S.K.: 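Take a look at the following structure, please.
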Amino acid sequence: MRWEVVGWGALALLLFAAEAMAPGAFMLWIGIGAAAVFLITALVPGIPVLWQVVAFVVLSVVAIQAYRRWGRTRGRESDKPLLNRRSEQLVGRVAVLQQGIVAGQGRVSIDDASWQVTGPDLAAGTPVRVVAVVNGVLQVEANR
């Protein structure tokens, strides 16, 4: 039994287990480098340990760079793109002004939350439609 082969296999498994416990897609790629060196040392006996370590470092860096270049750029489209954008979910909703819009500023209540609004001057109690959101402030217009 060649201990360097066992060592590289154990290191690869350890890194894969670390990735499973604390996912972040970083240990996985270093583990792939260790697994590659495991395969190389298993297939080609007699490689000095120094060159094995060099191969491990190089293969790990290549694997990480490949992930950064191709893996991250291929994001999936969400089926709910506004999930964590509560204010943007309100575009199109109609509500009644809680405080009239004076000098372009007012307040509206939607779903038990009070929101700052901007728009043309309107009296309290006027129904308005949310037409946009800018920096968390709802832009409204009179609902006709």
Side-chain angles (χ1 to χ4, degrees), residues 3-44 47-144:
W3 290 106
E4 71 271 8
V5 176
V6 173
W8 288 114
L11 180 62
L13 291 175
L14 180 69
L15 289 166
F16 292 150
E19 178 69 26
M21 289 185 199
F26 188 75
M27 293 295 178
L28 172 68
W29 301 104
I30 297 173
I32 289 173
V37 174
F38 164 75
L39 290 173
I40 292 169
T41 56
L43 297 173
V44 182
I47 299 174
V49 174
L50 177 62
W51 286 109
Q52 293 175 24
V53 172
V54 169
F56 168 65
V57 170
V58 169
L59 291 169
S60 295
V61 169
V62 167
I64 291 169
Q65 292 306 317
Y67 166 69
R68 285 185 176 172
R69 182 158 180 102
W70 293 293
R72 283 188 179 175
T73 59
R74 298 175 194 229
R76 293 179 295 202
E77 283 294 319
S78 174
D79 60 340
K80 296 180 182 180
L82 299 178
L83 180 62
N84 291 319
R85 297 177 178 175
R86 185 168 179 217
S87 58
E88 293 177 25
Q89 293 175 10
L90 300 176
V91 173
R93 296 274 304 263
V94 175
V96 176
L97 283 175
Q98 198 174 24
Q99 293 177 350
I101 300 176
V102 178
Q105 303 288 320
R107 293 201 79 72
V108 70
S109 180
I110 301 175
D111 296 336
D112 295 330
S114 181
W115 295 88
Q116 182 180 357
V117 297
T118 60
D121 289 354
L122 297 168
T126 304
V128 292
R129 178 178 305 279
V130 179
V131 293
V133 179
V134 177
N135 296 326
V137 178
L138 306 180
Q139 293 183 338
V140 297
E141 62 183 24
N143 186 37
R144 301 190 198 307

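Fair warning: this is a prediction, and the values are worked out from it, not measured in the lab. The basis for the numbers below is simple: all heavy atoms, side chains too, and nothing from hydrogens, waters or symmetry mates.
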S.K.: Can you find a pair of side-chain heavy atoms, one from V128 and one from L138, that are under 4.5 Å apart?
M.R.: no
S.K.: Could you check whether any side-chain N or O of Q52 sits under 3.5 Å from a backbone N or O of V37, counting only pairs where one atom can act as donor and the other as acceptor?
M.R.: no
S.K.: Start with the C-alpha distance between V130 and V108, add both sets of side-chain angles, then the distance that settles side-chain contact (heavy atoms from CB on, under 4.5 Å), and finish with yes or no.
M.R.: CA-CA 10 Å; V130 179; V108 70; 5.8 Å; no
S.K.: Does any part of the side chain of Q116, heavy atoms only, come nearer than 4.5 Å to the side chain of R107, both counted from C-beta?
M.R.: yes
S.K.: Any non-hydrogen side-chain atom of V117 less than 4.5 Å from a side-chain atom of L97?
M.R.: yes
S.K.: Could you give the distance from CD (Q105) to CG (D121), rounded to the nearest 0.5 Å?
M.R.: 10.0 Å
S.K.: What class does the angle between the rings of Y67 and W29 fall in, given that below 30° is parallel, 30 to 60° is tilted and above 60° is perpendicular?
M.R.: parallel
S.K.: Find the distance between CD1 (I40) and CH2 (W51) and round it off to the nearest 0.5 Å.
M.R.: 13.0 Å
S.K.: If I compare all heavy atoms of I101 with all of V140, which pair ends up nearest, and what's the gap?
M.R.: CD1-CG2, 3.6 Å
S.K.: For residues I32 and F16, report the shortest heavy-atom separation together with the two atoms involved.
M.R.: N-CE2, 3.7 Å
S.K.: Of the non-hydrogen atoms in I64 and I30, which two are nearest, and what is the gap between them?
M.R.: CD1-CG1, 3.9 Å
S.K.: Provide the closest heavy-atom pair for G31 versus A12 in the form atom of the first, atom of the second, distance.
M.R.: O-CB, 3.8 Å
S.K.: Taking all heavy atoms of E19 and all of M27, pick out the closest pair and write down the distance.
M.R.: OE1-N, 3.1 Å
S.K.: Work out which heavy atom in V94 is nearest to a heavy atom in P127; give both atom names and the distance.
M.R.: CG1-CB, 4.4 Å
